[in-house]
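I have placed the structure first, in the form of structure tokens, so that the comments after it can refer back to it.
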2 protein chains.
Amino acid sequence: MPKFVDKEAKQLEIINAAMKVFARMGIVKTKMADIAEEAGIGKGTIYEYFRSKDEIFNHAFEMFFSEMKTVLRSISESDDDPETQIRQIIKASLIDFTSGNEEFMRIMMDFWAEGIRNKNETINGMLDLEGIYNEFRSAIASILNEGIRKGVFRQVDSNVAAATLIGTMDGLYLQWIVNPSVFNFEQAAGFLSEIFLLGIKIDPSQQQT
Amino acid sequence: MPKFVDKEAKQLEIINAAMKVFARMGIVKTKMADIAEEAGIGKGTIYEYFRSKDEIFNHAFEMFFSEMKTVLRSISESDDDPETQIRQIIKASLIDFTSGNEEFMRIMMDFWAEGIRNKNETINGMLDLEGIYNEFRSAIASILNEGIRKGVFRQVDSNVAAATLIGTMDGLYLQWIVNPSVFNFEQAAGFLSEIFLLGIKIDPSQQQT
DNA sequence: TTTTATTGACCGACCGTTCGGTCATAATAT
DNA sequence: ATATTATGACCGAACGGTCGGTCAATAAAA
């Protein structure tokens, strides 16, 4: 009997329960007892499936970003022209993942905050925020490089430009979470696409470094 | 009356000690005992000057951002033209405050993370991240409005544009903290100035919405 | 019956906070 | 000047609450 299949399913259930609680009360305030209750099992049972709270946390983190990675990869592997790809990335990151889904954003900021907190003392690659950023950045950078090669983008440092783009998206999330009423998120996403592309595209009438 | 001690001076000492410890071990991991040790006083003494750990935290937060507010205000009240003001703000935020001062950046990220975490349950306006952002955003927005009025900037939504600019700066901090080796911070700041201004400035040869 | 899974009462490390007591110093008295 | 007293800054042991993790008991399955 393939017990491990059941095991994985149960792990998933627990993680999903954990995610719900994370969204409701924030990651740090979430206690093992809360997760157990949400999952409808006893606290002890969790420890049959995970070694520790950190392990749950870690799994949730990975699961959370894996979809985003997948989407990003599919965009960057498509045949669309670089400008379209950039637009798609911005749209996917800022609109598709978030629209009407404040809960998603809150969890993301929470993970993000937790990643920073644990950054320089966590053992053994928990919360690999660094890896996630590297992956995102290099994917975007290679799109930019392609655009530069094709002559549609200016000769910018693609790594710096990618970091700037990612940074802007993160920063918008941050402000949105802190004060959602102040600006329209979709509008900001549109503005960002526009301004970023204006900034890096080659304008034949305007040659400057 | 025994020795007259300046209560405020001592409070300041304690906050400074706290800041040092915050930078060294992160805000959340910092214990009252650590602050006391760093300040060279007993744990109990701290409570002669602050009601609670949160109060220390709160004071430190306010102090931390007050200098930034001051600088921003002086820039936005100057007579320079809007483009110069924008450049100055980017320079001040990304370069002047941080250059060679990784510790500063780490504390700032920590404050952010903490501000987000506590956002929706903190009593009575601790950690007013919301207020800080509002102030920054409206200062930048009014510079942009001035530029639009003078006809040097396009008719963008100044609030959205300001949020985007702030977001970008925050996001660059974030990535820099997570992985400092990947891009040059000053270079990124320069790139940001360039691309943002390119994106919002009116280019006579290129009329588009 | 034996094995496996589940449980929640319990443990103990941790940490913010308290509080009774100490002591250097200043005020006052001699 | 010297002794006495009053003050409150300072201290850290102890307290109390919290929470991740354990394990003996129980239930379910085989």
Side-chain angles (χ1 to χ4, degrees), chain A residues 1-22 24-61 110 114 117-118 121-124 126-127, chain B residues 1-22 24-61 110 114 117-118 121-124 126-127:
Chain A
M1 217 44 182
K3 272 186 289 188
F4 65 93
V5 170
D6 290 339
K7 201 113 186 170
E8 278 185 13
K10 193 106 181 189
Q11 277 192 334
L12 204 61
E13 260 175 50
I14 294 174
I15 300 247
N16 285 334
M19 288 287 227
K20 276 187 200 160
V21 190
F22 287 168
R24 194 186 317 135
M25 40 202 296
I27 287 175
V28 180
K29 292 234 160 47
T30 298
K31 294 148 197 43
M32 293 304 268
D34 301 321
I35 298 175
E37 193 186 3
E38 177 71 39
I41 60 179
K43 187 162 71 123
T45 310
I46 295 181
Y47 287 87
E48 301 290 330
Y49 299 92
F50 296 96
R51 282 180 212 289
S52 68
K53 191 188 183 185
D54 280 350
E55 198 173 293
I56 294 182
F57 192 81
N58 200 10
H59 278 238
F61 180 84
D110 241 25
E114 215 49 34
R117 144 151 335 135
N118 292 353
E121 113 264 341
T122 290
I123 336 102
N124 222 356
M126 252 188 54
L127 292 185
Chain B
M1 248 159 292
K3 178 173 66 163
F4 173 69
V5 247
D6 189 348
K7 203 113 183 167
E8 280 186 14
K10 192 99 184 192
Q11 279 192 334
L12 204 62
E13 261 175 47
I14 293 174
I15 300 245
N16 285 334
M19 288 287 227
K20 275 188 201 161
V21 189
F22 288 167
R24 194 186 317 133
M25 39 203 296
I27 287 175
V28 180
K29 292 237 160 48
T30 298
K31 297 152 196 40
M32 293 304 265
D34 302 321
I35 299 175
E37 193 187 2
E38 177 70 38
I41 61 180
K43 202 157 56 126
T45 308
I46 296 180
Y47 287 87
E48 303 285 336
Y49 298 91
F50 296 95
R51 281 180 209 291
S52 67
K53 190 187 182 184
D54 278 351
E55 199 173 292
I56 293 183
F57 192 80
N58 201 8
H59 278 238
F61 180 85
D110 243 24
E114 216 50 33
R117 146 150 333 134
N118 292 354
E121 113 264 340
T122 290
I123 334 104
N124 222 358
M126 253 188 52
L127 292 185

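From a predicted model like this one, the values you see are computed outputs, not experimental measurements. We name chains A, B, ... by the order of the sequence lines, and we start the count at 1 in each one. Side chains included, hydrogens not; waters and symmetry mates left out as well; all remaining heavy atoms used.
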Starting at atom [atom1] of [X], determine the distance to atom [atom2] of [N], rounded to an integer number of angstrom.
X       : N      : atom1 : atom2 : value
A/Ile35 : D/dC19 : CD1   : C1'   : 12 Å
B/Arg51 : C/dT18 : CZ    : C1'   : 15 Å
A/Ile46 : C/dT6  : CD1   : C1'   : 12 Å
A/Glu37 : C/dG8  : CD    : C1'   : 13 Å
A/Lys10 : C/dT4  : NZ    : P     : 17 Å
B/Lys7  : D/dG8  : NZ    : P     : 10 Å

Using a cut-off of under 3.5 Å, enumerate the N/O to N/O pairs linking the protein to nucleotides 11-17 of chain D.
unit_1 : atom_1 : unit_2  : atom_2 : d
D/dC11 : OP2    : B/Gly42 : N      : 2.4
D/dC11 : OP2    : B/Thr45 : OG1    : 2.8
D/dC11 : O5'    : B/Gly42 : N      : 3.4
D/dG12 : N7     : B/Gly44 : N      : 3.1

Indicate the atoms forming the closest heavy-atom contact of [X] with [Y], along with that distance.
X        : Y       : answer
A/Met25  : A/Thr30 : CG-OG1, 3.8 Å
B/Ile14  : B/Ile46 : CD1-CA, 4.3 Å
A/Asp110 : A/Ile27 : OD2-N, 2.6 Å
A/Tyr49  : A/Glu55 : O-OE2, 4.3 Å

Base, sugar-phosphate or nothing for B/Phe50? Non-hydrogen atoms, less than 4.0 Å.
nothing
To the nearest 0.5 Å, how far apart are [atom1] in [X] and [atom2] in [Y]?
X       : Y       : atom1 : atom2 : answer
A/Asp34 : A/Lys29 : CG    : NZ    : 12.0 Å
B/Lys20 : B/Ile35 : NZ    : CD1   : 13.0 Å
B/Phe22 : B/Ile15 : CZ    : CD1   : 8.0 Å

Output a table of nitrogen or oxygen pairs between the protein and nucleotides 12-15 of chain C separated by less than 3.5 Å.
unit_1 : atom_1 : unit_2  : atom_2 : d
C/dC15 : OP1    : B/Lys31 : NZ     : 3.2

Report the residues that fulfil side-chain contact (heavy atoms from CB on, under 4.5 Å) with A/Ala17, sequence neighbours left out, ordered by chain and then residue number.
A/Glu38, A/Ala39
With a 4.0 Å limit, can you tell me whether A/Tyr47 has a side-chain N or O closer than that to the phosphate oxygens OP1/OP2 of C/dT7?
no
Applying ring pair (Phe, Tyr, Trp, His ring centres under 6.0 Å) to A/Phe50 and not counting sequence neighbours gives A/His59
